[in-house]
Amino acid sequence: MRDTDRTQTANGRELVLDILMTVARQQEYSHIVIRSVLEKYDYLEAREKGFIKRLAEGTLERQIQLDDMLNRVSNVKVNKMKPLIRCLLRMSVYQMMFMDSVPDSAVCNEAVKLAKKRGFGSLTGFVNGVLRNLGRRKAELMRPAGDPESAEYLSVKYSMPQWIVDKWIAEQGRKRTERILTGLLMERPVTVRADSRLTTAEYETLKSELESDGVTVHDSGILPRAWYLENTEGLKRLPAFASGKLKAQDVSSMLAVMAADIHAGDLVVDVCAAPGGKTFFASELAGTGGHVISRDVSEYKLSLLQESKDNFCAENVEIQMWDGREYDEKLEEKADVVLADVPCSGLGVIGRKKDIKYRVTPESIASLPKLQKEILTNAQRYVRPGGVLLFSTCTINKEENEEILSWLLSEFPFHAESIVSRMPECILREEPERESAGNGYLQLLPGIHGTDGFFLARLVKDGGI
């Protein structure tokens, strides 16, 4: 993307500044704010919308590193700057350091114009001086100061709060932690699953139709019907999505459903279902003779499930509002499979939701296992003898994952069952994964498995034939 249209990109930059200010002031989730802005300005060209999305997301994602750079070139430290100037400088530094096609001179000039336009004319000299100073020291500033082996260095280099880096080093080791951090900064493609009921011929036709619509389709290399898409300007606009042949779903979520091993005719209960990826994959596998009860706790989440049900014509899915902490006696030992993707800290999806890492705290994480246990205590009661409880989260944290699994196995009549035969060989290439999969669970990691960070465990209820 090359900034050749000054008028166009100036407007784009101003929208990005508004996004950053909204996120900072109102504590709204960035992906929701960005989506709202792009929908409001839907008339903009695809290139401009791409510019806005990349600059807003990138500035938020690299915030710790950007602040480190600014603190090394500015006499006024970032936390002492006016909020608007702080956001303006962060987005400007991101352009200069990570968007090679944007000339530094254009960045400086547009930043000065924006500062003046927003009532900070007296600070235009400061803005210009900081950015030109930074431009002269680019190579030096790309490397954080300090010991490259330290957690503090990794925190700045990969823009991850140091307490999370410390935690992962303790749990995963330094080498794996750096691979995870690298993976979280990699561009996240749009990941979709082609309907599992399509014939081979229909599957190939679907791929051709996408390519005819200008979409670049890459095989995931993990699952045969999982694709990575490029050049998608709004997934819902694609005819293949509108017809229900494509579902947006990360590979990690697909693998969880595969580990559950759902069969035709099964009764499946999805206790924390929204946005519905696992529900509708389960629906396909259970078939017309099966039934999927898809539950969540709010009207908004139910609206997402209902929209997908209507789009995918999933007649065997029954959507219900239900708080997983409340026991439902009608389901006692009725389900063949219970899917329990319980609330978690979300550390595994930082690559997609850039500001999770700035919101989560050690205190908020500490409160989650109690909620998880409340939901799982009820969920395990719905599984028939010999049936499956598939426990999962989208985080990388042993208190929410392995320790909850150990608690489940110690408190309830379940045993873990190997998932080796249900996982692609490429996922089990390294020893930690081969060993854990043999013990019925798997921690998927960005930068290592090509997926979101995701934990899944297959538990079978004792007493089956």
Side-chain angles (χ1 to χ4, degrees), residues 183 186-211 215-230 232 235 238 240-241 244-264 266 268 270 275-287 292 308 312 314 337 339 341 348-349 351-352 388 390-394 417-430 433-434 436-438 440-458:
M186 292 174 65
E187 186 175 352
R188 306 297 300 171
V190 175
T191 308
V192 297
R193 178 179 56 80
D195 193 314
S196 61
R197 297 164 295 188
L198 296 177
T199 65
T200 301
E202 290 171 331
Y203 171 79
E204 293 299 332
T205 299
L206 175 61
K207 190 173 185 180
S208 297
E209 289 174 353
L210 287 170
E211 291 170 342
V215 178
T216 303
V217 182
H218 301 283
D219 293 331
S220 69
I222 302 174
L223 292 174
R225 297 204 171 194
W227 291 331
Y228 299 142
L229 305 185
E230 293 180 4
T232 56
L235 191 60
L238 295 175
F241 186 88
K245 295 176 183 177
L246 274 187
K247 282 82 172 175
Q249 188 177 15
D250 189 71
V251 172
S252 57
S253 175
M254 300 179 207
L255 291 172
V257 178
M258 293 184 64
D261 197 22
I262 296 165
H263 294 93
D266 278 351
V268 180
D270 191 348
K278 286 182 285 298
T279 279
F280 296 102
F281 195 0
S283 166
E284 295 171 18
L285 298 174
V292 179
S308 293
F312 303 145
V337 175
L339 302 175
D341 191 356
V349 293
R352 297 187 187 277
V388 172
L390 198 289
F391 158 55
S392 63
T393 74
C394 59
E417 186 172 82
S418 172
I419 56 174
V420 170
S421 64
R422 298 177 176 89
M423 293 293 106
E425 181 59 33
C426 63
I427 293 293
L428 306 180
R429 283 181 295 203
E430 300 191 23
E433 286 69 36
R434 288 195 298 273
S436 70
Y441 70 95
L442 190 60
Q443 175 69 74
L444 297 163
L445 297 168
I448 295 174
H449 302 114
T451 69
D452 287 339
F454 200 91
F455 182 85
L456 59 94
R458 174 185 169 89

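Since the structure is predicted, the reported quantities are computational estimates derived from the model, not experimental observations. Residue indices begin at 1 and follow the sequence shown.
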- d(Tyr203 OH, Leu198 CG) to nearest 0.5 Å is 9.5 Å

- Message: I'd like to know if the side chain of Thr205 reaches the main chain of Ala201, judged simply by a donor and an acceptor atom lying under 3.5 Å from each other, with no hydrogens or angles considered.
- Response: yes

- Message: Using 0.5 Å steps for rounding, measure from the CZ atom of Phe281 to the CZ atom of Arg193.
- Response: 5.0 Å

- Beyond-backbone contact of Leu206 with Trp227, side-chain heavy atoms, under 4.5 angstrom: yes

- Can any side-chain N or O of Glu433 pair as donor or acceptor with the backbone N or O of Ile427 at less than 3.5 Å? no

- Item | Under 3.5 Å donor-acceptor, Ser220 side chain and Ala226 backbone | yes

- Query: With distance as the sole test, does Glu284 use its side chain to make a donor-acceptor pair with the main-chain N or O of Ser196 at under 3.5 Å?
  - Reply: yes

- Pair Asp270 + Lys278, salt bridge at N-O below 4.0 Å: no

- Task: For residues Leu428 and Leu442, determine if any side-chain heavy atom of one lies less than 4.5 Å from a side-chain heavy atom of the other.
- Result: yes

- Donor-acceptor pair, Arg352 side chain versus Gly348 backbone, under 3.5 Å? no

- Item | Approximate separation, where rounding is to 0.5 Å, of Lys207 NZ and Leu246 CG | 12.0 Å

- Query: His263 side chain to Asp261 main-chain N or O, any donor-acceptor pair under 3.5 Å?
  - Reply: yes

- Okay, side chain of Asp452, backbone of Phe454: is any donor-acceptor separation there less than 3.5 Å? no

- Query: With no hydrogens and no angle check, is any side-chain donor or acceptor of Arg458 less than 3.5 Å from a backbone partner on Ser418?
  - Reply: no

- Message: Counting C-beta onward and ignoring hydrogens, is there a side-chain heavy-atom pair between Leu456 and Leu444 closer than 4.5 Å?
- Response: yes

- Donor-acceptor contact below 3.5 Å, side chain Asp266 vs main chain Val268: no

- Message: Just verifying a value: how many Å separate Arg188 CZ and Met186 CE, rounded to the nearest 0.5 Å?
- Response: 8.0 Å

- Roughly how far, to the nearest 0.5 Å, is the CG atom of Leu339 from the CZ atom of Phe391? 13.0 Å

- So, for Val337 and Ala260, which heavy atoms are closest and what is the spacing to 0.1 Å? CG1-CB, 3.9 Å

- Message: Quick check against the 3.5 Å criterion: does Arg434 have a side-chain atom that pairs as donor or acceptor with the backbone of Arg429?
- Response: yes

- Message: Quick check: closest heavy atoms across Met254 and Leu223, and the distance to 0.1 Å?
- Response: CB-CD1, 3.7 Å

- Note on the structure: Here the pair of heavy atoms bringing Phe241 nearest to Leu235 is CB-O, 3.4 Å

- Item | Closest heavy-atom pair and its distance - Ala286, Val292 | CB-CG2, 4.5 Å

- Item | Closest non-hydrogen atom pair between Asp341 and Cys394, with its separation | OD1-N, 4.3 Å

